[in-house]
Amino acid sequence: MKAIRVHEFGPPDVMRLEEVPDLDAGAGQIVVRVRAAGVNPVDAYVRAGSYARKPSLPYTPGTDAAGEVESVGENVTLKVGTRVYVSGSLSGAYAEKALCREADAHELPSTLTFPQGAAINVPYATAYRALFQRAHAAAGEFVLVHGASGGVGVAALQIARAAGLRVCGTAGSLKGMELVLHEGAHYALDHGAADHFERVLALTGGRGVDIVLEMLANMNLGKDLKILAPGGRVVVIGSRGPAEIDPRDTMIRDAAILGMLLFNTPERDLKSIHCALFSGLENGVLRPVIGRELPLVQAPKAHEDILKSSAYGKIVLIP
Ligand code: NAP
């Protein structure tokens with residue numbers, strides 16, 4: 001089988017398509033024939049060697065994929081041929097096949113394509129956890145999805161809108177803002193505009209937002225705190241550096257800054273997340289948006305693009 005391999009941490013071109021030995025499923029494991037693999041920013045941080053968690057070299061990148069179960073080990077209930085999306089792989093997802101724990105494989109509703117399946121795990125699980133398990137969002141609250149044109153943002157818009165929140169999403173391009181409105185936001189703003197914080201405040205009649213899902217905290221956290229309603233919460237999902245805040249902004253609002261890392265999620269919470277996602281995927285409320293499909297060999301280009309601005313849905317790799 002073919003797989004992308006990384007022999008040293010570094011720039012995108014350290015990823016090369018190579019021939020590797022076939023995979024065997026052990027007890028509690030399955031081998032998935034990968035039809036599409038999801039590309040997430042974290043894959044690029046890990047490959048660059050700048051992420052806190054480093055795999056031992058050589059390795060195959062990727063945690064998200066969709067395909068069919070090709071073979072199963074002992075004590076597995078999933079049947080060969082079942083369409084699944086996976087939330088983690090023992091061997092890496094950027095490959096023709098991926099070895100996974102059965103617990104990390106989830107049935108893919110027949111209405112979704114494999115590229116859409118590959119776009120589920122990190123974006124949707126992150127958005128769901130941020131909204132409900134960290135911010136404890138309630139219907140009727142106002143949420144600002146700060147960076148809503150990418151993978152996590154689109155997922156957050158669809159989930160929040162379906163749950164009865166008032167939703168404002170931001171993007172850095174006109175095309176991105178159109179996507180934001182199309183995917184469920186009541187309002188779209190340009191996060192490149194210096195006055196967009198005041199505009200958000202105006203949308204709430206000056207009261208402030210209940211929740212901010214923040215994709216770039218190093219740029220925005222200090223100002224996010226100033227547009228929060230009393231009892232407001234900011235969930236820090238993404239940050240590419242330090243931020244300066246005035247702690248008094250949290251005191252006067254009884255506000256909270258909540259960090260999160262999907263990889264820290266306890267197994268019990270993950271189970272609940274994927275049950276909720278299945279229901280939304282099955283009834284059509286959750287519809288992963290694919291921005292671009294690239295052949296597996298173009299993994300280096302996918303990593304260059306995922307860190308560029310003007311996001312539009314998800315980038316997936318097709319083996
Ligand atoms: P993505 O698809 O590349 O999207 C990035 C998003 O950030 C786009 O919507 C982009 O908008 C937006 N952005 C750019 N400049 C911004 C600004 N000044 N203010 C607000 N948003 C801005 O990435 P993703 O998969 O959605 O992930 C988003 C971030 O969350 C990344 O940093 C990622 O590493 C992180 N993340 C963290 C977790 C976790 O567990 N904590 C899980 C998943 C992702 P434009 O391109 O339209 O400007």
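Indexing begins at 1, ligand by ligand and atom by atom, following the structure's order.
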Near ligand 1, at a heavy-atom separation below 4.0 Å: residues by chain and residue number: Pro41, Tyr45, Val122, Thr126, His146, Gly147, Ala148, Ser149, Gly150, Gly151, Val152, Ala171, Gly172, His191, Met215, Leu216, Met219, Asn220, Ile237, Gly238, Arg240, Met260, Leu261, Leu262, Ile306, Ser309, Ser310, Ala311
Side-chain heavy-atom pair Leu17, Leu296 within 4.5 angstrom cut-off: yes
Distance-only polar pair, side chains of His7 and Glu18, donor-acceptor under 3.5 Å: yes
Glu107 and Thr82 side chains, donor-acceptor separation under 3.5 Å: no
Aromatic ring pairing His191/His196, orientation class (parallel under 30°, perpendicular over 60°, tilted between): perpendicular
Whether His106 and His274 hold their rings parallel, tilted or perpendicular, with breakpoints at 30° and 60°: parallel
Whether His303 and Tyr94 hold their rings parallel, tilted or perpendicular, with breakpoints at 30° and 60°: perpendicular
